[in-house]
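Heads up: the structure comes next, in structure tokens.
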Amino acid sequence: MSHEHHHHDKCCANEHEHHHEHHHDGLKHQLGLIFASINLLILAVVIEHKFQLPTWQLLLVYLVPYLVIGYDTLKEAAEGIAHGDAFNEHFLMSVATIGALCIGFLPGAETQFPEAVFVMLFFQVGELFEGYAEGKSRESIAHLMDIRPDVAHVEARGKTEEVRDVSPDQVEVGSIIIIRPGEKIPLDGVVIEGTSALNTAALTGESVPRDITSGDEVISGCVNLSGVIKVRTTKSFGESTASKIIELVEHATEHKSQSETFITRFARIYTPIVVCAAIAIAILPTLFGGSFVTWLYRALMFLVVSCPCALVISVPLTFFGGIGGASRKGILIKGANYMDVLAKVDTVVFDKTGTLTHGLFAVEAIHPDTCNEHQLLHLAAHVEHFSTHPIGAALRDAFPDEATDGCQITDAEEIAGQGIRAKVEGKVVCVGNTKMMDAIGAKWHDCHHVGTIIHVAIDGIYAGHIVINDKIKEDSAEAIQQLKQLGVKKTVMLTGDRKEVGAYVAQQLMLDEYHTELLPANKVKFFEDLRNNDITLSRNNEIRKKDNATAFVGDGINDAPVLARADIGIAMGGLGSDAAIEAADVVLMDDHPSKIALAIRIARRTLAIARQNVWFAIGVKVAVLILATFGLATMWMAVFADVGVTVLAVLNAMRALK
């Protein structure tokens, strides 16, 4: 392994660690601030009761805990104003608390200093819940080292014996590299010598290994399974497929439509209304001869009451509960804003291999011509006993008791690109594809089954064939049904696999549409088109932000760019590649597609509880505000509107855990 690459790998891993620690420290820091300000607040209350301080000195005492807990919020509010996004939740909190601090200076008014600190505390506790639930960040791409090959064995020009190991990014185009069995292909190129089978599942999602021989193109990131091959490189490392995919993922996250959290969207509407109302209450009555001080007091009181404490703590708690409840069911949702998006999903796009299907081969049908099923499978399993090919493994699995029957097998040889020939009990048995049958002159015939068809001939006479297929998962069909019941309008399947395989799966599962033989970059492009169509459909003279979301479900490295790009990316966590799990917003811990519908249900329920809290809190507040405006509300009513509602809302939020 070259020195440079090793260094690169290490620094990526460190960044990943660093990022994780950084998030952890952020939460610790926040918790520290909360505890510090609680202690300072208690101290301030003690000072207030012990010493009869003048108002301005008392303000200084309370400013200490207020600034400790509120500094970040005030800073965010100031930044928001500077960037022209004034009405965010930070601004609302700042205005309400500064109002509370000012009330005490009005003649004949009671001080509201502790309230100001409380409001900020509530806000920070809510933020803490949200931060904790979102937990692990999605930024790290360290795991993509999966497909990035570490080394290339380069032949010195003109000297075939001399092989140097270099880092793939130093290999020039046109160099000759050697790839041994079990190694990843470092650069795109053309085979000039040797035959082998490549596992391309990670890149294309194609389930059957691809047989290659000289003259065939190979792409980086595939794994060489059986033979040694020599490849003349056609692209530099940066231009090669593996690098391109990694780049796609890195850029895809930038294109993602960032969904805002529920609270942010709410604050954007609520804040301007509250601020304008408060100004109106202070100014309008004085124009008609009201006492300015009285109405200013009422306006500030209005600001304090209107501060949405209950929401600020109960909404994040609701999402926290929803995320917790989902994770008990084996669904990891990486943040509260993804809950919002999940609830609006109306198009679900699936990858095929490993998502709707198992991604492993199994024997599906046996069609003997001259012997019975048992004998045909028995012969094929025996001959394939020596094969390194996954198809051989599938045949052996289907006939596990071959070791016990003491059959004599001799002269087994693999014929590249065709199959295997061996002597079983003195008969020459050939197991392979149609090329092999043609070569020995056996009269093969086609099969109505879709899948990989393995033909068998005994002493040159056709004996029948065995159909091997990537099995559809038991709950895939049910998953599609459930999504339809939830009102998902469209289910689509994208796959790198062959057309007939794709068509068969789509028909079995009753999918709305399917697209086959796609490379990773085409998947991303296809996905972009799908989303753009969604946007243009809703043109009422302008592109309005669509209120529905497109989910993508996948498991391979080839899916990572699309997962990152989708409104919501769902990855299969059981078998899925690390890259896909990193890039996704939702991870299903076991590979059951039926969990998708459950995730959507949980998200919808969580949002419903959050909305109940919002309406309940605002309803009580509006009632108290109306009373306050006419001077009928007492301070304890205002306190109930805040604290009482908060307690009830928090209890309601706990339901989301179920």
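What's counted below: heavy atoms across the whole structure, side chains too, no hydrogens, waters or symmetry copies. The residues of the chain are indexed from 1 along the displayed sequence.
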Show your reasoning for whether side chain to side chain contact (heavy atoms under 4.5 Å, CB included) applies to Phe552 and Val492. CA-CA 9 Å; Phe552 179 77; Val492 186; over 6 Å; no
Distance in Å, Lys329 NZ paired with Lys595 NZ, rounded so as to fall on 0.5 Å steps: 8.5 Å
Taking every non-hydrogen atom, the tightest pair across Ile609 and Asn652: CG2-O, 3.6 Å
Over all heavy atoms of both residues, which pair between Ala610 and Thr318 is shortest? Give the atoms and the distance, please. N-CG2, 3.8 Å
Measure across Asp585 and Ala566 and return the closest heavy-atom pair with its distance rounded to 0.1 Å. OD2-O, 4.5 Å
Distance-only, no hydrogens or angles: does the Asp555 side chain make a donor-acceptor pair with backbone N or O of Met572 under 3.5 Å? no
With Ile38 via side chain to side chain contact (heavy atoms under 4.5 Å, CB included) - residues at least two apart: Ile34, Ile42, Leu121
Backbone N/O of Arg655 and side chain of Arg605: donor-acceptor pair under 3.5 Å: yes
Parallel, tilted or perpendicular for Phe105 and Phe113, by the 30°/60° rule? tilted
Between CD1 on residue Ile333 and CD1 on residue Ile602, distance to nearest 0.5 Å: 6.5 Å
Shortest non-hydrogen contact from Val488 to Asp346? CG1-O, 3.4 Å
For Leu486 and Ala597, work out which heavy atoms get closest and say how close. CD1-O, 3.4 Å
List the atom pairs, donor and acceptor, that lie under 3.5 Å between side-chain atoms in residues 271-290 and the rest of the protein, sequence neighbours left out.
{"unit_1": "Thr271", "atom_1": "OG1", "unit_2": "Ala267", "atom_2": "O", "d": "2.6"}
{"unit_1": "Thr286", "atom_1": "OG1", "unit_2": "Ile283", "atom_2": "O", "d": "2.4"}

Distance-only donor-acceptor pairs under 3.5 Å for side chains of residues 51-76, two or more places apart:
{"unit_1": "Tyr62", "atom_1": "OH", "unit_2": "Glu48", "atom_2": "OE1", "d": "2.6"}
{"unit_1": "Tyr66", "atom_1": "OH", "unit_2": "Thr97", "atom_2": "OG1", "d": "2.8"}
{"unit_1": "Thr73", "atom_1": "OG1", "unit_2": "Gln124", "atom_2": "NE2", "d": "3.0"}

Do the side chain of Arg601 and the main chain of Ala343 share a donor and acceptor less than 3.5 angstrom apart? no
Salt bridge or not for Lys344 and Asp340, using N-O below 4.0 Å? no
For Asp512, is there an ion pair with Lys489 - N to carboxylate O distance below 4.0 angstrom? no
Quick one: do the Gln485 and Gln481 side chains pair a donor with an acceptor below 3.5 Å? no
